[in-house]
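Below is one structure, written out as structure tokens; the observations come after it.
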Amino acid sequence: MAVPDAQFLAMVERLAEVERAHAADYTSFSVRGRRFGYYWPRTHTTGLKQTLSEQLALVAERPDVFEVQFTSGGFGWVVVYLQRVDADELGELLYEAWQLSAPESLVEAHPLPFG
């Protein structure tokens with residue numbers, strides 16, 4: 001059920017036009033200047049942009065896998081423990097996070113690359 005860090009990073013690479021920014025403790029991911037995710041190698045976690053309703057549903061369903069990170073601009077960010085989630089679910093959540101930040105034309109040109 002665990003997703004190795006290298007597999008997660010390979011999934012990010014499959015998304016279109018991803019920009020990375022490296023900080024001391026994490027890497028952030030954006031598409032056309034709009035952030036959609038974070039990755040913390042020390043804790044083997046990712047933070048992903050979601051709708052507020054999805055954030056609350058994920059955390060309520062499985063608090064051992066997901067936790068609230070923060071809310072901003074009408075979106076709810078969720079922390080995902082890579083060692084507690086399966087690859088298919090993570091792929092869908094990652095794509096949804098990217099999709100919430102990407103322009104509609106880019107989303108239309110790049111359907112879900114996992115599955």
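If you're wondering where the values come from, they're calculated on a predicted model, not measured in any experiment.
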Exercise for review: Quick one: do L15 and H110 satisfy side chain to side chain contact (heavy atoms under 4.5 Å, CB included)? Show the steps, please.
Suggested key: CA-CA 8 Å; L15 297 169; H110 298 277; over 6 Å; no

Review point. Going through the distances and angles, do Q50 and L93 end up as a side chain to side chain contact (heavy atoms under 4.5 Å, CB included)?
Key: CA-CA 8 Å; Q50 296 294 305; L93 293 171; 3.7 Å; yes

**Study point:** Candidate pair L94 and F8, rule side chain to side chain contact (heavy atoms under 4.5 Å, CB included), full reasoning
**Key:** CA-CA 9 Å; L94 180 59; F8 166 70; 4.2 Å; yes

**Study point:** Full working for side chain to side chain contact (heavy atoms under 4.5 Å, CB included) between E19 and V31
**Key:** CA-CA 6 Å; E19 305 147 3; V31 56; 5.8 Å; no

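For D5, the side chain to side chain donor-acceptor pair (under 3.5 Å) test picks out Y39, H44, with sequence neighbours left out. By the salt bridge (charged side-chain N to carboxylate O under 4.0 Å, His left out) test, E96 is found to be paired with no residue, residues two or more places apart in sequence or in another chain being considered. Every residue two or more places apart in sequence or in another chain was checked for a salt bridge (charged side-chain N to carboxylate O under 4.0 Å, His left out) with E108, and none qualifies. Under the side-chain contact (heavy atoms from CB on, under 4.5 Å) criterion, V68 pairs with Q55, V59, not counting sequence neighbours. For R34, there are no salt bridge (charged side-chain N to carboxylate O under 4.0 Å, His left out) partners at least two apart in sequence or on another chain. In terms of the side-chain contact (heavy atoms from CB on, under 4.5 Å) criterion, residue partners of P4 (sequence neighbours excluded) are, by chain and number, Q7.
Here ring-ring contact (aromatic ring centres under 6.0 Å, His included) pairs that include residues 48-69, with residues two or more places apart or in two chains, number zero. Counting only residues at least two apart or on different chains, the salt bridge (charged side-chain N to carboxylate O under 4.0 Å, His left out) pairs with a member in residues 47-63 are R62-E89.
A donor-acceptor contact shorter than 3.5 Å is absent between the side chain of T27 and the backbone of H22. Without hydrogens or angle criteria, W98 side chain to G37 main chain gives no donor-acceptor distance under 3.5 Å.
One hydrophobic cluster holds both V107 and V18 under the rule that ILVMFWY side chains link at heavy-atom gaps under 4.5 Å. Both L9 and V3 belong to a common hydrophobic cluster when Ile, Leu, Val, Met, Phe, Trp and Tyr are linked at side-chain heavy-atom distances under 4.5 angstrom.
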Output a table of donor-acceptor pairs, distance under 3.5 Å, between side-chain atoms of residues 69-85 and any protein atom two or more places apart or on a different chain; print 'none' if there are none.
| unit_1 | atom_1 | unit_2 | atom_2 | d |
| --- | --- | --- | --- | --- |
| Y81 | OH | E67 | OE1 | 2.7 |
| R84 | NH1 | D64 | O | 2.6 |

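Nearest heavy-atom pair, S101 versus F36, reported as atom, atom and distance to 0.1 Å: OG-CB, 3.6 Å. A pairwise comparison of heavy atoms in P63 and A60 identifies CD-O, 3.9 Å as the closest pair. Across S30 and G33, no two heavy atoms sit closer than the pair CB-C, 4.3 Å.
Electrostatic pairing of E13 and R20 counts as a salt bridge here, judged by a charged N lying under 4.0 Å from a carboxylate O.
Note on ring orientation: taking the six-membered ring where Trp is involved, the planes of Y26 and W40 are tilted (angle from 30° to 60°).
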